[in-house]
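Inspection log for the structure reproduced underneath, given as structure tokens.
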Amino acid sequence: ASSHGIQPLSRIAIHKATLALDNLAYVKASPTVLGLNGQNTEWVTVEYSSPNPSMDDWIGVFSPANFSASTCLAENPRVYPPLLCSAPIKFQYANYTSPDYKVNGKGSLKLQLINQRSDFSFALFSNGFLNPKLVAVSNTVSFANPNAPVYPRLAQGKQWDEMTVTWTSGYGIDEAEPFVQWGPKGGHQQHSPAVTLTFERSSLYTYKLGHRLFNSTYVWSQEYQFRASPFPGQNSLQRVVIFGDMGKDLPFLEVKTLILQDEADGSNEYNNFQRGSLNTTKQLIKDLKNIDIVFHIGDICYANGYISQWDQFTAQIEPIASAVPYMLASGNHERDWPGTGSFYENNDSGGECGVLAETMFFVPAENRAKYWYSTDYGMFRFCIADSEHDWREGTEQYKFIEHCLASVDRQKQPWLVFLAHRVLGYSSDLSYAVEGSFGEPMAKENLQKLWQKYKVDIAIYGHAHNYERTCPIYENQCTDNEKRYYKGTLKGTIHVVAGGAGASLSPFTTLKTKWSLFRDYDYGFIKLTAFDHSNLLFEYKKSSDGKVYDSFRISRDYRDILACTVDSCPPTTLAS
């Protein structure tokens with residue numbers, strides 16, 4: 001799944017930058033103070049001029065504003081000047097909106113900034129990205145309250161009646177005490193110093209994030225709200241959205257038209273990196289009243305070590321994650337790095353090694369470094385695997401997967417769903433087809449007997465940047481010839497790839513497989529709707545318009561789940 005290319009910020013060799021400051025060049029940014037009315041997103045106008053303009057000139061945005069040698073750590077191995085160690089958080093060519101820049105040396109850009117806990121500066125560089133020369137630096141721009149709590153992310157707690165909220169703030173624990181003020185909408189509000197809230201059934205709650213400074217003053221976020229999760233087995237309408245590999249496109253909120261790019265202000269040249277992210281985010285926000293919980297199954301924002309990208313991603317999803325639980329699975333771009341215990345010895349995380357994902361988002365895992373967990377949501381049981389750790393038979397994770405599948409009470413929670421980032425089941429993605437495995441090598445051989453034994457309804461993956469649905473399948477054979485409406489016993493697991501939420505699309509093989517029922521080389525996400533204990537609707541929606549392009553239904557009762565199928569019950573003989 002390398003079709004998304006490289007992290008755009010890695011194109012800039014900032015460590016090779018040299019000083020070429022020119023008194024005749026300038027960069028000016030306005031306004032200088034942002035967020036005076038409490039907003040966390042603002043537009044900035046950057047004006048610049050150079051006496052020696054070139055097509056290779058570019059503007060970089062830096063935060064903190066001081067990105068000089070003084071910010072380098074003492075143990076930094078670089079010994080040559082100017083020792084710049086801070087990458088820009090975004091960039092754009094100087095002539096992007098100023099076609100006459102090369103002629104008159106003057107240009108301007110409108111850039112959108114988010115509150116990232118520090119001030120900003122804008123710099124004009126010449127000589128391209130590989131050997132940049134610093135020509136001029138702007139004045140400093142900052143938010144009125146850069147330390148304010150922002151970008152809350154809800155998650156299911158370890159118990160069904162717990163909601164955990166994490167957020168981002170500029171205050172350290174030695175500067176302020178973090179807490180949440182929350183309670184029933186219109187009712188008594190309480191302060192919780194911890195981040196896990198225990199609620200009652202079927203209630204709407206409001207909450208605000210706060211920091212009590214040690215001078216006894218308070219700093220508040222805006223007010224948010226969430227609805228209490230259904231208890232295990234609760235018979236109510238439950239709607240779940242699942243996708244992988246979305247990435248970021250920010251700033252987003254003030255974009256008036258639907259476009260395929262990854263920075264709403266046109267910066268960073270993300271054209272072939274995460275082209276569909278904006279559309280997916282927009283569709284989820286548009287339909288948020290009909291969504292109860294979201295699972296983003298790996299390859300979250302493709303920061304690849306550029307930490308500023310996590311801030312921009314959490315700002316992008318704030319309208320979603322502040323209102324409904326936003327649950328993660330670990331992907332290669334969050335976890336993988338040689339010598340750190342990841343199953344795949346590659347450099348895909350850019351050195352993050354899972355730390356950023358584990359810190360920025362809560363999941364109810366027993367050990368955050370082992371990102372596998374189960375969560376109950378009404379009539380659903382979700383078993384979330386960590387495909388970046390060993391999942392083969394006999395491992396710790398394999399034992400977890402079996403326990404998660406085996407321990408659910410299917411009379412209360414009939415809908416059993418398995419989630420993972422990499423395709424541990426079936427995929428016609430070209431990258432898998434050329435290996436001859438049509439999925440991660442060794443995965444089906446190790447896991448399919450668990451899916452069959454415990455009658456997993458649907459297994460959903462990301463990693464391959466496309467959409468695909470299989471028939472109910474076991475050991476490479478379709479167990480049911482139906483395509484749209486499954487009634488009674490489901491004799492195999494339906495496997496779905498939903499990795500087309502934003503990152504550049506990956507092609508399918510031209511080979512035709514009997515088990516592949518629907519393929520789509522486009523951006524989209526899936527939605528599961530449980531109407532009751534007997535009826536489930538599956539929908540695949542395109543990110544471009546939010547319309548349904550593939551669907552099926554399952555109708556059955558508890559007796560159908562108990563019925564034996566191939567390898568789902570212990571073998572018997574006449575003697576037994």
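We're numbering straight along the sequence, starting at 1. None of the values given here were measured: they were computed from a predicted structure.
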Problem - Results of ring-ring contact (aromatic ring centres under 6.0 Å, His included) for Tyr377 - residues two or more places apart only - result: none
Problem - Tyr467 ring center within less than 6.0 Å of Phe518 ring center - result: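 Between Tyr467 and Phe518, which both carry aromatic rings, the centre distance is below 6.0 Å.
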Practice task
Indicate, with yes or no, if the rings of Phe382 and Phe295 have centres closer together than 6.0 Å.
Solution key: yes
Handout entry: 4.5 Å side-chain heavy-atom contact, Tyr474 and Gln448
Key = yes
Fill in the blank from the handout: Test side-chain contact (heavy atoms from CB on, under 4.5 Å), reference His421, set Leu328, Asp299, Ile384, output is Asp299
Handout entry: Partner of Gln452 by side-chain contact (heavy atoms from CB on, under 4.5 Å), out of Ile473, Leu447, Asp567
Key =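 Single side-chain contact (heavy atoms from CB on, under 4.5 Å) partner of Gln452 among Ile473, Leu447, Asp567: Asp567.
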Handout entry: NZ-CG distance between Lys370 and Asp390, expressed to the nearest 0.5 angstrom
Key =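 Output value for this atom pair is 11.5 Å.
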Within 45° of the axis and under 6.0 Å from the centre of the six-membered ring of [Y], does NZ or CZ of [X] qualify?
X: Arg239; Y: Phe531; result: no
X: Lys541; Y: Tyr549; result: no
X: Lys248; Y: Phe313; result: no
X: Arg153; Y: Phe361; result: yes

Ignoring hydrogens and angles, state whether a donor on the side chain of [X] or [Y] is under 3.5 Å from an acceptor on the partner side chain.
X: Ser349; Y: Glu334; value: no
X: Arg381; Y: Ser407; value: yes
X: Glu468; Y: Thr470; value: no
X: Asp429; Y: Ser431; value: yes

May I ask you to check whether over 12 heavy atoms, not counting those of [X], lie within 6.0 Å of atom [atom1]?
X: Arg559; atom1: CZ; result: no
X: Glu366; atom1: CD; result: no
X: Leu562; atom1: CG; result: yes

Practice task
Look at the aromatic rings of Phe343 and Trp391 and report parallel, tilted or perpendicular, splitting at 30° and 60°.
Solution key: perpendicular
